[in-house]
Amino acid sequence: AASGGLAMLGWLGFSWTAPPGGVVALWGIPGGFSWGVGSSAYQTEGAWNVDGKGVSIWDVFAHKKGKISSNETGDLSCEGYYKFKDDINLMKDMKLNHYRFSISWPRILPSGSKSEYINEKGIKYYDDLINMLLENRITPVITLYHWDLPQVLQEKYGGWQNISMVNYFNDFANLCFERFGNKVKYWITFNNPWSVAVEGYETGEHAPGLKLRGTGAYKTAHHIIKAHAKVWHTYDMKWRSKQKGLIGISLTADWGEPVDVSNQKDIEAAERYIQFYLGWFAAPVFNGDYPQVMKEYIGRKSGQQGLGASRLPVFLPQEKSYIKGTVDFLGLGHYTTRYVTQKNYPSGLGDSYFADRDLAELVDPRWPDPGSEWLYSVPWGFRRLLNFVKSQYGNPMIYVTENGVSEKMLCTDLCDDWRMQYFKDYINEMLKAIKAGVNVKGYTAWSLLDSFEWDEGFSERFGLYFVDFRNKNKPRYPKASVLYYKRIISSNGFPNQRELESWKRKATETCSSSNQLLAADPLIGHMEMVTEIVIPTVCTLCILLSAVFFLFLLRRCL
Ligand code: BGC
């Protein structure tokens with residue numbers, strides 16, 4: 001379904017049926033491209049109540065029973081707060097160009113508000129981190145909001161449901177520019193606001209866990225977009241001339257491919273899928289307003305539901321011009337793809353963001369899915385998304401801010417060949433897109449370390465480095481993909497097929513021997529014994545005893 005058919009043009013001229021383009025995969029890219037890894041505060045720092053840090057909505061959410069897989073929390077996680085020096089050494093060894101991390105808002109403003117109290121210890125932590133990155137020639141790329149809103153703001157105002165967040169966020173951002181902006185040149189206002197809106201306020205799977213179906217996500221997004229624009233203007237007016245940095249937003253989107261590319265209904269459904277995902281945020285910041293198709297669908301459905309106004313809020317004319325053009329670069333997070341087809345959701349079944357789109361999502365069971373349930377490896381979708389961004393938003397400067405794959409395995413296996421494959425194929429598609437003129441300036445592998453994977457707790461591991469969470473020192477061990485990614489960085493892409501195979505061979509040799517070393521580690525060695533020896537032994541004994549008992553009964557009966 002991914003090829004063939006007549007070229008059909010969707011709105012604004014993106015061709016859904018353009019051939020995937022060139023089979024030549026591997027080539028070097030010009031210098032100046034930035035390779036990095038990413039992380040976020042709540043997922044890695046731990047130290048949740050240390051040195052004056054305030055409580056965030058994620059601290060509270062994770063402490064509630066039944067919200068997170070196995071009731072795990074980010075209280076300790078990787079202890080990045082204490083181990084950042086070790087982590088920077090890992091990055092240095094990989095010869096990374098940049099490190100993307102986020103600032104925990106309540107760590108520096110415990111009550112959320114600048115007028116109340118600035119926690120200098122929190123400021124010092126980020127200052128030390130930034131200084132050490134710079135000493136090691138690693139460019140800091142800072143996300144201001146990676147989901148950890150101060151709990152006080154949630155309790156007092158209802159969090160992003162309330163417009164007052166715009167000013168609170170602006171004050172927090174302004175403080176970050178003031179304290180760190182002379183050293184930091186890349187700022188990201190929000191990480192994946194789609195997830196904040198949909199999972200935080202619509203389905204409730206994420207903090208703050210609200211289930212305001214059909215309205216919560218739209219309202220949240222509306223305030224986030226306004227907050228983003230305000231912070232962009234603050235930077236532009238107050239700090240840019242002195243600090244000379246760039247400020248953007250990081251949007252995450254899957255690619256949506258029409259099930260049948262010769263069917264206009266499927267093409268339109270796929271377009272809706274992307275517009276409700278990426279366009280929801282990208283269209284306002286690039287063009288000043290929500291995508292037309294969102295306005296039409298949500299407006300029509302709201303009318304059918306007997307509502308006087310659309311559930312999608314409206315930007316006033318002056319707001320549109322204020323929001324339009326508030327991106328120096330687009331951060332793009334991407335993991336996976338869906339096939340999409342038209343499906344009607346009749347009104348009366350309850351409103352929701354999902355029903356508003358009138359579509360169904362499908363996956364091809366042959367796509368590899370080594371880890372998270374939702375994450376199928378579909379490399380060609382990445383190039384299509386990049387081309388879409390180029391054609392829809394006027395070829396903006398793009399930094400890939402997240403791309404990677406997880407594994408579910410709970411036992412220790414450092415030989416992650418599926419991750420090497422995923423990186424190779426996805427990076428390769430990105431390189432093809434660059435070759436075709438998409439303006440991608442950097443790539444960020446997600447993530448440096450295994451970390452707290454939100455509602456999945458520690459059960460899904462995205463890290464290049466394995467973290468042993470059971471050990472109180474939280475040691476990090478390189479998976480094979482560390483060496484592999486390191487080679488991609490040093491070659492600035494892929495040299496040729498033969499070299500690639502030798503990278504993989506070497507990476508696999510190293511991981512096999514580290515696997516053995518790990519197995520010899522007394523702590524882990526013990527854990528493996530429990531599952532590999534003790535449990536099977538106990539089971540075998542049980543079966544034997546039951547058989548003996550059964551024979552004994554049989555003899556008595558005869
Ligand atoms: C989030 C990350 C998360 C990743 C994988 C991204 O959209 O920003 O924090 O780990 O998805 O689920």
Side-chain angles (χ1 to χ4, degrees), residues 36-46 56-58 61-62 68-69 72-74 77-78 80 99-105 141-149 188-200 202-203 205-207 217 220-221 224 228 248-255 277-278 280-282 330-338 369-378 381-382 385 399-408 416 418-419 422-423 426 443-467 469:
V37 295
S39 74
S40 84
Y42 186 70
Q43 289 181 281
T44 53
E45 282 178 3
S56 83
I57 55 171
W58 269 96
F61 189 69
I68 312 292
S69 159
E72 285 162 332
T73 72
S77 193
C78 311
Y99 176 46
R100 177 186 174 216
F101 62 95
S102 77
I103 293 184
S104 156
W105 182 348
V141 177
I142 298 190
T143 311
L144 292 166
Y145 190 81
H146 204 124
W147 307 355
D148 43 1
L149 188 77
I188 293 166
T189 52
F190 287 89
N191 172 71
N192 192 353
W194 179 92
S195 186
V196 177
V198 173
E199 294 172 301
E202 170 96 15
T203 66
E205 293 153 278
H206 281 188
T220 298
I224 286 182
H228 160 80
I249 188 166
S250 176
L251 303 179
T252 300
D254 298 347
W255 176 244
Y277 213 141
L278 180 73
W280 185 6
F281 301 92
L330 176 68
L332 196 61
H334 175 72
Y335 293 91
T336 193
T337 284
R338 294 286 181 266
D369 61 334
S372 313
E373 221 181 310
W374 52 271
L375 207 175
Y376 293 82
S377 172
V378 194
F382 191 21
L385 180 68
Y399 279 86
V400 174
T401 38
E402 282 181 19
N403 177 240
V405 67
S406 55
E407 72 250 11
K408 266 214 156 80
D416 53 347
W418 63 90
R419 186 172 283 104
Y422 181 99
F423 280 137
Y426 271 73
Y443 174 89
T444 316
W446 189 265
S447 49
L448 175 67
L449 306 174
D450 290 339
S451 62
F452 180 83
E453 184 49 31
W454 308 112
D455 51 321
E456 301 298 339
F458 296 100
S459 67
E460 292 178 8
R461 295 172 174 270
F462 275 86
L464 289 161
Y465 280 84
F466 176 90
V467 177
F469 295 105

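Each ligand, and each atom within it, is numbered from 1 in the order the structure gives. Only a predicted model underlies this, so the values are computations on that prediction, with no experimental measurement involved.
Relative ring orientation between Trp454 and His146 is described as parallel, the plane-to-plane angle staying below 30° on a 0-90° scale split at 30° and 60°. Between Tyr422 and Tyr426, the ring planes lie parallel to each other; the angle is under 30°, not in the 30° to 60° tilted range.
No side-chain donor-acceptor contact under 3.5 Å links Tyr443 to the backbone of Val37.
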Residue pair His228, Phe190: steps toward the ring-ring contact (aromatic ring centres under 6.0 Å, His included) verdict: CA-CA 7 Å; His228 160 80; Phe190 287 89; 7.1 Å; no

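Residues Val378 and Thr336 approach most closely at CG2-OG1, 4.5 Å, considering heavy atoms.
Protein residues having at least one heavy atom under 4.0 Å from any atom of ligand 1 are Gln43, His146, Trp147, Asn191, Asn192, Thr252, Tyr335, Trp374, Glu402, Trp446, Glu453, Trp454, Phe462, listed by chain and number.
Between atom OH of residue Tyr277 and atom CZ of residue Arg338 there is a gap of 8.0 Å, rounded to the nearest 0.5 Å.
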